[in-house]
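Report on the structure given below.
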There are 2 protein chains.
Amino acid sequence: MWETIAHDIVMPRPKSGTSLRARKASGLSVSLKSLAEHVGLSQAAVSLVINSSPGAKSIPHRTQELIRKAARELNYRPNHIARSLRQQRSYTIGVVVPEISEGYAALVMSGIEDHLLQEGYFYFVVSHRHRDELIQEYPLMLQQRAVEGLIAVDTAITSASQVPLVAVSGHRELPGVTNIVLDHALAATLAMEHLTKLGHRQIAFIKGQAFSSDTAIRWESVRNAAQALGVTINERIVGQLEGESSSPELGYVVTKKLLASGEPFTALFAFNDISAIGAIQALREGGRSIPQDVSVVGFDDIQSAAFQNPALTTVRQPLREMGMLAAETLLLRIAAPPGAEYPKEIVVQPELICRASTATAPSA
Amino acid sequence: MWETIAHDIVMPRPKSGTSLRARKASGLSVSLKSLAEHVGLSQAAVSLVINSSPGAKSIPHRTQELIRKAARELNYRPNHIARSLRQQRSYTIGVVVPEISEGYAALVMSGIEDHLLQEGYFYFVVSHRHRDELIQEYPLMLQQRAVEGLIAVDTAITSASQVPLVAVSGHRELPGVTNIVLDHALAATLAMEHLTKLGHRQIAFIKGQAFSSDTAIRWESVRNAAQALGVTINERIVGQLEGESSSPELGYVVTKKLLASGEPFTALFAFNDISAIGAIQALREGGRSIPQDVSVVGFDDIQSAAFQNPALTTVRQPLREMGMLAAETLLLRIAAPPGAEYPKEIVVQPELICRASTATAPSA
DNA sequence: AACAGCTACTAAATCGGTTTAGTATGCTAT
DNA sequence: ATAGCATACTAAACCGATTTAGTAGCTGTT
């Protein structure tokens, strides 16, 4: 007895050698093999022409045109995976960020993307959310996917990588790493000069989280700038962000503590714009007007800084430019012969953006 | 005569068959072939064991352990590209967004990422910045890179795709597309009810840009809700965002025009939070306090909405959830047999987030 | 003794391109 | 006549895995 078992009947998947008609009908894209059969030439010839390889110079124009025309008509697009495998080049890089939805990372990525796509590269992004095992694992997973290089944004990658690595605000002085760093000394000086010129002496600070790569250097720069300007730092009005998320909430909490200390201050320099926004909230709840009673300076100049009320005075990091620079440097390093020299550090300049959250200090 | 031409001496790149020692020394990762040679078994056996394939069940435990141990020690990681080519599966999808650095797209992507990485998928992101030729071209480039599916965020993809496509706030009713859409009727009702309960009758509106996929449906819903609540819409205080960027500036410009019309209004319902933020700026410059003189309602609930001053009342779109849902749906569609049924539309619910930018209408 | 059936593997095809080495053909120069 | 050379290609290896079909060796059964 024969039974028709409907759910066992499966459309046979045509192999790559099958006729064009079959491939197209089944939704498969046109392969080099079928294209070659269609024009009656070898795969080699077609490949050489499609890629305008040096080897194609002996192929006459008429034949080249024939091939190109057929490729166009059949909408042939070389399978990128097959090409990657053979050429041992993926035209892909990996980007590791703390959290993709954060304004900081988003701006850097926007810059990265700008340069990469232009050069025919694509990229994978992964957010590690400060989980150590992911920070370890993601670079390996990315390399398994044959990325040609890595960009780490605000992330201290510790596992050595087989591929070039560019860090944006990441670690310092690791072998094989190019660091894109801000001129922190200048950044601190810009902010501190601005505040002292406005007459502020009692300045509160919010330091970054301990895990953030910029925290230490930024704080050191602030201390140096303060000293140079003759400002003494009162440790009782120095707070530190705590927690792994990046929401204004963190700045809010720290600022509440600063207020609770009872210590007077007329200005506050926050670790970043996000925490400055939370700080302003807390200051207002504590009955201070911004900037009449307390001036607030942020850091980064994320997009929403300009549209706060009051608009935030901040030290601008050129984040998009840093992303572009990272991508550019990485591609150069990829193209360079192995063992070639590479830049260990590239310094970019901050800029003070004066808006409405700072004003002259209230007379004591 | 023999000459030593130093710069022509090139390290020979060992082939995959070469000894382990050679591969590791030259920085190449360990291949299946070299691993197999190392343990004295065939590539097939090693592959079966590594992947725990059904075919490995006839291989005794001792041998399996031997293989696994060697793999661990040599830090063998299968080349993902080779695997993709053979299996015809890339475990990669493509995500098309207007601009990666925008809060809206960033939140959706964050949700997408959450689900994808968990399932072993990676993704490429591309920002088209509303350029038509890129909206056409990127999906093709992504398919060339063998993505198994596409997610389009707030983007009307028109070229038919060979792979499953999920649109978040994208087009409607295209064959082959699953749309993740907000319940716009409910969204409009929530906002309008809130405003009318507060006593507002003269309400200004900011519509979205013509190219934005949500503009039409949202406006229709607002009109329906207004009618149901007995509110008449005064077309002279209905503005529309213009320009392709997404900065508060656009909302600022429109609101300036609304004010210039001279027509009175006590509330404003903006197309999104970004434009609401710009609108507040313009209203303030026009001498109105928020919310005493004018109440403002935004849309989306992007991260910075809560930290505006005043904190923004807004209709929350569950953006992260929409991203997760999109990823989940896409993976289900990828796993489904070709030709299988799939959801055409998935509706998600908005939520009114009452903050400080709305208050009772000033008595006339 | 012959055969089936199981165990423990392996050989070889395959994915879809790229690239190297080679070959057939026709032409020119000796 | 034939070596030499350019032209116009092609055959086949290769990238690094997965996967199918098959085989050698052993045990147990009739």
Side-chain angles (χ1 to χ4, degrees), chain A residues 13-18 20 23 28-37 39-67 71 74 76-91 143-146, chain B residues 12-18 20 23 28-37 39-67 71 74 76-91 143-146 148:
Chain A
R13 200 164 71 74
K15 308 205 219 165
S16 62
T18 337
L20 252 176
R23 280 185 83 81
L28 276 178
S29 51
V30 180
S31 70
L32 180 64
K33 187 164 181 179
S34 57
L35 175 58
E37 277 167 12
V39 296
L41 289 166
S42 69
Q43 295 185 42
V46 177
S47 175
L48 293 174
V49 170
I50 296 283
N51 296 305
S52 312
S53 308
K57 68 178 174 325
S58 70
I59 295 175
H61 251 276
R62 278 187 47 74
T63 311
Q64 296 211 14
E65 270 318 304
L66 172 76
I67 290 170
L74 299 176
Y76 169 69
R77 287 176 170 255
N79 177 321
H80 192 272
I81 292 200
R83 172 180 285 179
S84 289
L85 180 59
R86 175 62 232 244
Q87 294 189 335
Q88 299 290 84
R89 297 206 58 181
S90 62
Y91 293 96
Q143 287 177 71
Q144 190 169 353
R145 280 183 176 245
Chain B
R13 198 163 71 74
K15 307 205 219 165
S16 61
T18 337
L20 252 175
R23 279 184 85 80
L28 277 178
S29 50
V30 180
S31 70
L32 179 64
K33 187 165 180 178
S34 57
L35 174 58
E37 278 166 13
V39 296
L41 289 166
S42 69
Q43 295 184 42
V46 177
S47 175
L48 293 174
V49 170
I50 296 283
N51 296 304
S52 312
S53 309
K57 69 179 173 326
S58 70
I59 295 175
H61 250 277
R62 279 186 48 74
T63 312
Q64 297 211 13
E65 271 318 303
L66 173 77
I67 290 170
L74 300 174
Y76 168 70
R77 287 177 171 252
N79 178 321
H80 191 272
I81 292 200
R83 171 180 286 179
S84 290
L85 179 59
R86 176 62 233 246
Q87 295 189 332
Q88 297 291 87
R89 298 206 56 180
S90 62
Y91 293 95
Q143 287 178 71
Q144 190 169 353
R145 280 182 175 245
E148 296 178 23

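Per chain, numbering begins at 1; letters A, B, ... match sequence-line order. No hydrogens, no waters, no symmetry mates; every other heavy atom, side chains included, goes into these values.
Heavy-atom distances to DNA chain D give each of B:Ile81 and B:Ser53 a nearest nucleotide, and the one nearer the 5′ end belongs to B:Ile81.
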> What one-letter contact string describes nucleotides 5-12 of chain D from 5' to 3', where B marks a base within less than 4.0 Å of any protein heavy atom, S marks contact via sugar-phosphate atoms alone, and - marks no contact?
Replying inline: ---BBBB-
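For A:Leu85 and C:dG17, the CG to P distance is 12 Å, given to the nearest whole Å. The CG atom of B:Asn79 sits 12 Å away from the P atom of D:dC15 (whole-angstrom rounding). Counting to the nearest Å, the C1' atom of C:dG16 and the CZ atom of A:Arg77 are 16 Å from each other. The CD1 atom of B:Ile67 sits 13 Å away from the P atom of D:dT18 (whole-angstrom rounding). When rounded to the nearest whole Å, the span between CZ of B:Arg89 and C1' of C:dT14 equals 18 Å. Here C:dT7 presents its P atom at 14 Å from CD of B:Gln64, a figure rounded to the nearest Å. Here D:dG16 presents its C1' atom at 8 Å from CD of A:Gln88, a figure rounded to the nearest Å. Taking atom CG of B:Leu32 as the reference point, atom P of D:dT19 lies 12 Å away to the nearest angstrom.
Remark: of the listed residues A:Val49, A:Leu41, A:Leu66, A:Val49 is the sole one forming a side chain to side chain contact (heavy atoms under 4.5 Å, CB included) with A:Ile59.
The base of D:dT18 lies outside donor-acceptor range of the side chain of B:Arg83, with no N or O pair under 3.5 Å.
Here the side chains of A:Tyr91 and A:His80 are in contact, with some heavy-atom distance below 4.5 Å.
From A:Ile67, atom CD1 reaches atom CG of A:Leu48 across 8.5 Å, with rounding to the nearest 0.5 Å. Taking OG of B:Ser29 as the reference point, atom CG of B:Leu74 lies at 11.5 Å (rounded to 0.5 Å). Rounded to the nearest 0.5 angstrom, A:Gln43 CD and A:Ser31 OG are separated by 7.5 Å. The CD1 atom of A:Ile81 sits 10.5 Å away from the CD atom of B:Gln87 when rounded to the nearest 0.5 Å.
A sub-4.0 Å separation between OP1 or OP2 of D:dT18 and a side-chain N or O of B:Ser47 is present.
In this structure, the side-chain contact (heavy atoms from CB on, under 4.5 Å) partners of A:Ala71, at least two apart in sequence or on a different chain, are A:Leu35, A:Ile50, A:Tyr76.
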